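Quick notes on the structure that follows.
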Amino acid sequence: MRIYDIILKKRDQLELTKEEIKFFIDGYTNGDIHDYQAAALLMAIFINGMNERETIDLTEAMMKSGDVIDLTAIKGIKVDKHSTGGVGDTTTLILTPMIASLGVKVAKMSGRGLGHTGGTIDKLESIKGFHTSLSVEEFIKNVNEINIAVIGQTKNIAPADKKLYSLRDVTATVDNISLIASSIMSKKLAAGSDAIVLDVKVGSGAFVKTYEDAVELGSLMVKIGEGMGRRTMAVISEMEQPLGNAIGNAIEVIEAVDVLKNSGPEDLRDLCLTLGSNLLMMANKSDTYEDAYSLLEKQLENGEALKSFKTFIEGQGGNTEFIDNYDLLPKASIIEEVFSPIEGYIESIESDDVGIASLILGAGRENLDDEIDHSAGIYILKKIGDYVTVDEPMAIFYTNKANVLDDAKNRFHSAFKFSKTPVEFPKLIKAIISKDGVTKF
Ligand code: URA
Ligand code: CA
């Protein structure tokens, strides 16, 4: 087999065989196939597409390019959640203990933030003593005993995706449904869970911009997951603005704990309950969505979800006194109110720009080995539909660097579009996709 012939075939709009796809992925992972050849094939795939069978074969080849985690030592159904990329998205911190409090096993592999998106591990490391460097034995022990553990991504999960994703990033081949679906699902499948819920973001701040594309992506990922023997569902959620109010690390931990205390922002709470309800159904804990939803609401009301969060943090060395005293979390030396440049109703908030403004304040990193400031971030006081005047604060900035404030403010302001007429708060949950089809909300 020759890579040249595979590129030629896809260039001429022909279907690739399973063997050809595997040859490409294995060869590219071990360095036999060069970047320029892979780039040419990616562009041919981007332009001519892949059918469902090809996409499933691509996913499987990428999943098997590295370690496939074996979680069989954990009894019961193991669940996982993945988001296609949000800003201020604290759902994992809330959803996982909520689910674990009902006896569902959460064996989660999470990442760090890069660019304008935050990472679950960075957020959790705002908590004194908390660490994710568990051995596999400790990880499995914690999940078996307390239903929940989070570890960092191991190096060797879907290495083909790591290489291909970097290449797609610089060759204008990221936003293709088959390539996105196989990229996400290869990693999720390699992480070893039995049931996966996917949060597919749609809107200006997401990389799928239309509802139709989001449904296509969600349906394809559900098909891939189910085809590989894992229960899989997808929630299509709106991303015309950041989720909740906090964007950062320590301040997002506070926001998550607020929800676990049965308060906190309504949109964030609703998304957690929706994703969680799907997981409960897949874990055979409820028969209907409505039952699952009210079961989870009860876990927030009766304090069980918060208790599970506490056990989880303690299980990984964290000090949980901050739950009753947020002052024990890292605190910024500069806390500054930010005002709107003009009056009007907020029409949209470009999440990426808010994410970058927060990164400029110190909450994020440009390169994976950069230090981050856990105390830095942005608390948004006004969201879509709110009326803002020029003498009322629209956000609070947290930072330790006075010299970046102007830069961050400019970036933040550029995220907002205003309207002279009233604007409605957008509906968050657009659809739920299961193997049986799409339920539109
Ligand atoms: N996230 C991924 O992991 N892969 C993609 O291709 C897009 C988003
Ligand atoms: Ca948030």
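Below, each value reflects all heavy atoms present in this structure, side chains not excepted, and no hydrogens, waters or symmetry copies. Index from 1, following the sequence. Predicted model only: the values in this text are computed from it and were never measured.
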Taking all non-hydrogen atoms of both residues, which atom of [X] and which atom of [Y] are closest, and how far apart?
X	Y	answer
Met233	Ser434	CE-CB, 3.7 Å
Phe23	Met1	CZ-O, 3.3 Å
Leu179	Ile45	CD2-CG2, 4.0 Å
Ile236	Ala214	CD1-O, 3.4 Å

Is [Y] paired with [X] through a side-chain N to carboxylate O contact shorter than 4.0 Å?
X	Y	value
Glu145	Lys141	yes
Asp80	Lys108	yes
Asp5	Lys9	no

For [X] and [Y], test the side chains for any donor-to-acceptor distance below 3.5 angstrom and give the result as yes or no.
X	Y	value
Asn249	Lys123	no
Ser178	Thr55	yes
Ser348	Glu240	no
Glu15	Asn51	yes
Lys81	Thr92	yes

Derivation of the salt bridge (charged side-chain N to carboxylate O under 4.0 Å, His left out) call for Lys201 and Asp199: CA-CA 6 Å; Lys201 307 282 191 190; Asp199 179 11; 2.8 Å; yes
Atom CG of residue position Asp12 - does it have more than 12 heavy atoms of other residues, nucleotides or ligands inside 6.0 Å?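 Atom CG in Asp12 is packed in, count exceeds 12.
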Would you say Lys22 has more than 12 foreign heavy atoms packed within less than 6.0 Å of its NZ?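 Result for NZ/Lys22: open.
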Lys163 and Asp35: CA distance, side-chain angles, deciding distance, salt bridge (charged side-chain N to carboxylate O under 4.0 Å, His left out) verdict: CA-CA 9 Å; Lys163 280 187 86 172; Asp35 280 344; 5.3 Å; no
For Asp161, the option from Ser65, Ser183, Ser166 that meets side-chain hydrogen bond (donor to acceptor under 3.5 Å, both in side chains):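 So the option named by the test is Ser183.
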Hey, could you give me the [atom1]/[atom2] distance between [X] and [Y], rounded to the nearest 0.5 Å?
X	Y	atom1	atom2	result
Thr288	Tyr293	OG1	OH	13.5 Å
Ile74	Asn142	CD1	CG	10.0 Å
Thr232	Met185	OG1	CE	4.5 Å
Ile432	Asn278	CD1	CG	4.5 Å

Could you check whether Tyr379 and Phe397 have their ring centres less than 6.0 Å apart?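 No; Tyr379 has its ring centre 6.0 Å or more from that of Phe397.
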The complete set of ring pair (Phe, Tyr, Trp, His ring centres under 6.0 Å) pairs with one or both residues in residues 417-441, sequence neighbours excluded, reads none
For Phe130, all residues meeting ring pair (Phe, Tyr, Trp, His ring centres under 6.0 Å), sequence neighbours excluded: Phe312
